[in-house]
Novice: 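After the structure tokens below, expect a handful of questions from me.
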Amino acid sequence: MSGDKTSTVLDDLFGEAQAERETIVSVLVPVAVPTAYTYKVPAGAHVQPGTIVQVPLGSRQVLGCVWDGAPDAAINPKKLKSISRVYDKARPLLPDLRRFVEWVANWTLAAPGMVLRMVLRSEEALEDEPPLAAVRRIEGAAPDRMTPARAKVLDTLSDGMAWTRSGLAGAAGVSASVIDGLLAQGVLEPVLLPGTPPTPKPDPDFAHVDLTPAQAEVAASLRAAFERGNAVSLIDGVTGSGKTEVYFEAIAEALKRGRQALVLLPEIALTEQFLRRFEKRFGTFPAEWHSEITPKKRARTWRGVASGDVRVVIGARSALFLPFEDLGLIIVDEEHDAAFKQDDRVPYSARDMAVVRGHLSRFPVVLASATPSVESRVNAEQGRYARYVLPERASGAELPEIRAIDMRQEGPERGRWLAPELLKAIAQTFAEGSQSLLFLNRRGYAPLTLCRTCGHRFQCPHCSAWLVEHRFQGRLVCHHCGHFEKMPETCPTCSSTQSLVACGPGVERVAEEVQDLFPQARTLILSSDLPGGAERMKREMKLVEDGEADIVIGTQLVAKGHNFPKMKLVGVVDADLGLAHGDPRAAEKTFQLLAQVTGRAGRVTGGGRGFLQTYSPEHPVLKALLDQDRDAFYRMEIEARQAAGLPPFGRMAALILSGPDKAAAEGFARALVRAAPADRSVTVLGPAEAALAMVRGRHRYRLLLIAPRQFDLQGYLRHWLANGPRPTGALRLQVDIDPQHFL
DNA sequence: AGCACGCCGACT
DNA sequence: GTCGGCGTGCTC
């Protein structure tokens, strides 16, 4: 070509000009600073907004992301450092995700870099996956001696595929040393595989789906929501109504449209059964994402999500920050669950931020629950969410019949905890070969121990809560801070022996009573504090599922999602527990818990029965449960909150003010107090969770404000969001404020 | 003197 | 979030 020489000269000139005028870019770094920092781009490196880089920061190297907007030209050029590495194998973070990071940072009052940190949670994912060491049969080669183990290996390899050493040993049912032997003999050869092949894509048409007319109608509405862009739907269905099947249809629709889908679950324990159901419906497993995933799998999923190889993710709240290539749907299952809230570091509600992410990227979000949160019901009633009700069980089984047992009149004798009527029902259920569940939200043997002689009560030395006796462990335990001590023989105050008495029941004590009265029944305690951890829990849940236990005594973990097909009877040992708490959400939490736990009865078979042992059968929360009238509960609760001056969206309006400057934080607090009318000033108080946060927190001065009805917190926040800058260095919004009104 | 610990500001 | 500098107070 004739222009060869000229273009070379031009290139040189251009290169020189570039070298003289060094390029600088904004880089967001994972530290608590308010803005992106500025770095030089090394010659020859190519970066764009979204590119993931490594940069020097102080004395260390950190991950960062090239950010939007002009770099800060006011920074002293002598201070500027160079990007030390460009991760060109990793996909740049897309604009939608970057906007989401900024939105969450703005909302939670966290530094944007701290939110970015939640995105960059797998350093391994930024490199190409290292090749996998494997073995393959060498055509025609044979071992000197054929043994049964060797034959099994060669048989497994007969399809000509390469296997990993451990995978092959496992598949052939031999030890890995057999494979080493065959390698040494030159029958097998080592090969390198290019990482893991992508998992097969879920097939939206894999299974024949048989929906009830009610389910089909909701499924059709969810499919239609894709046409509306950013619609939020609330599936409000009784326990056993088949919400999962319905939202699976929304996932199928997302897949058919070539979009990715994300399912958020409140806790890891629920993923197991979800995976099985998903596989039945879509023919393959979704990718999993939560804190217990191994680094390798984590990296694979992160990369797969970014490249689009992974189509569906099921995960805990942190999955919300995965770098999806083209996310088209988020499902938030058990949307009422408090586990969606993160209280430390960046304090956010994954349910609310899911709605935000859907809004920013214009895709549908589905919230599902048998007991929706009050705020979601309000959002639905006020037209922000579409609400779909599934009032009946998909199996056709009728809902359990629920009865109150008035403990003032029909209670058990002294020192016993189960009323005669409940015992009779347990005996019947046992006789017909079905399961009973006794629910008591109290771990251990007894919540309080005292001395009969001198009245000494065992109290935690650190937090003034009663110490709970755990008889299996022979300990007194504080459920607040974890402090424990050995159960003493004598009273520490008056030294009397045989004088300590247990007051009130825990699950261990109820189990003792059950074993005493039904010695021939197989009883099982399900409580999170028993030794053996998650593995044991999984085993025992399976035992109950398979009908290997007759009477189960459990704490609140039995209320969550597990399917117990043989469970016919549920007895709530103390239905009043939780109603008396000072927590403004006590009624809601109790309603949800009791509705979920009684919903276990006869879920598959029908004919379930529930009993609530109570001293206050007239309490409106219990009445709503007894009457099977969920709407009555929500009506009552929304009215009660309005009367208490809580905001109409049903959530506590709270601000946590914190910062290094105590005077500034207090000054701002006083300004807030002045802004509220004189008759009901802003109350400055510290509920238990805020107090705990204060003790554990790194900030030195912190103040919790609950704004009463007169204070226009919403208006203030709206103004603040629109007009920046922050009133103090570190003002933190509590996770309980609903972002719906700001979208 | 030597160092553990907590506090505090800086980090581009 | 993490590091380094600095002051305090205690031990070898």
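Throughout, protein chains are lettered first and strands after them, A, B, ... in sequence-line order, and every chain is numbered starting at 1.
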Novice: Whole angstroms only, please: what is the NZ-C1' distance between A:K78 and B:dC11?
Specialist: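 A:K78 atom NZ is separated from B:dC11 atom C1' by 19 Å.
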Novice: State which of B:dT12, B:dC11, C:dT2 makes the closest approach to the side chain of A:V33.
Specialist: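 For A:V33, the side-chain atoms sit closest to B:dC11.
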Novice: Send over the distance from A:L63 CG to B:dC11 P, rounded to a whole Å.
Specialist: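 To the nearest whole Å, that distance equals 21 Å.
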Novice: Using a cut-off of strictly less than 4.0 Å, decide whether A:S59 has a side-chain nitrogen or oxygen near OP1 or OP2 of C:dG4.
Specialist: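 For A:S59, the contact criterion (side-chain N or O under 4.0 Å from OP1 or OP2 of C:dG4) is met.
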Novice: Are A:E588 and A:S373 close enough that a side-chain donor and a side-chain acceptor fall under 3.5 Å?
Specialist: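 Not at all, the side chains of A:E588 and A:S373 share no donor-acceptor pair under 3.5 Å.
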Novice: Could you please name the option among B:dT12, C:dG4, C:dG1 that lies closest to any side-chain atom of A:I75?
Specialist: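 It is B:dT12.
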Novice: Is any side-chain heavy atom of A:V115 closer than 4.5 Å to one of A:F321?
Specialist: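 Heavy-atom side-chain distance check passes, below 4.5 Å.
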Novice: Any salt bridge between A:E325 and A:R91, counting N to O under 4.0 Å?
Specialist: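 Salt bridge: no.
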Novice: When you get a sec, tell me which of C:dG1, B:dT12, C:dG4 is the closest nucleotide to the side chain of A:R60?
Specialist: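 Among the listed nucleotides, the one closest to the side chain of A:R60 is C:dG1.
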Novice: Looking at every strand, decide which applies to A:K79 at a 4.0 Å heavy-atom threshold: base, sugar-phosphate, or nothing.
Specialist: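 Base, at least one base atom sits under 4.0 Å.
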Novice: Quick check with a 6.0 Å cut-off and a 45 degree axis cone: is A:R351 positioned over the face of A:F340's six-membered ring?
Specialist: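 No, a cation-pi geometry is absent between A:R351 and A:F340.
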Novice: Under 4.0 angstrom, heavy atoms only, what part of the nucleic acid is A:T38 near: base, sugar-phosphate, or nothing?
Specialist: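 The residue A:T38 makes base contact.
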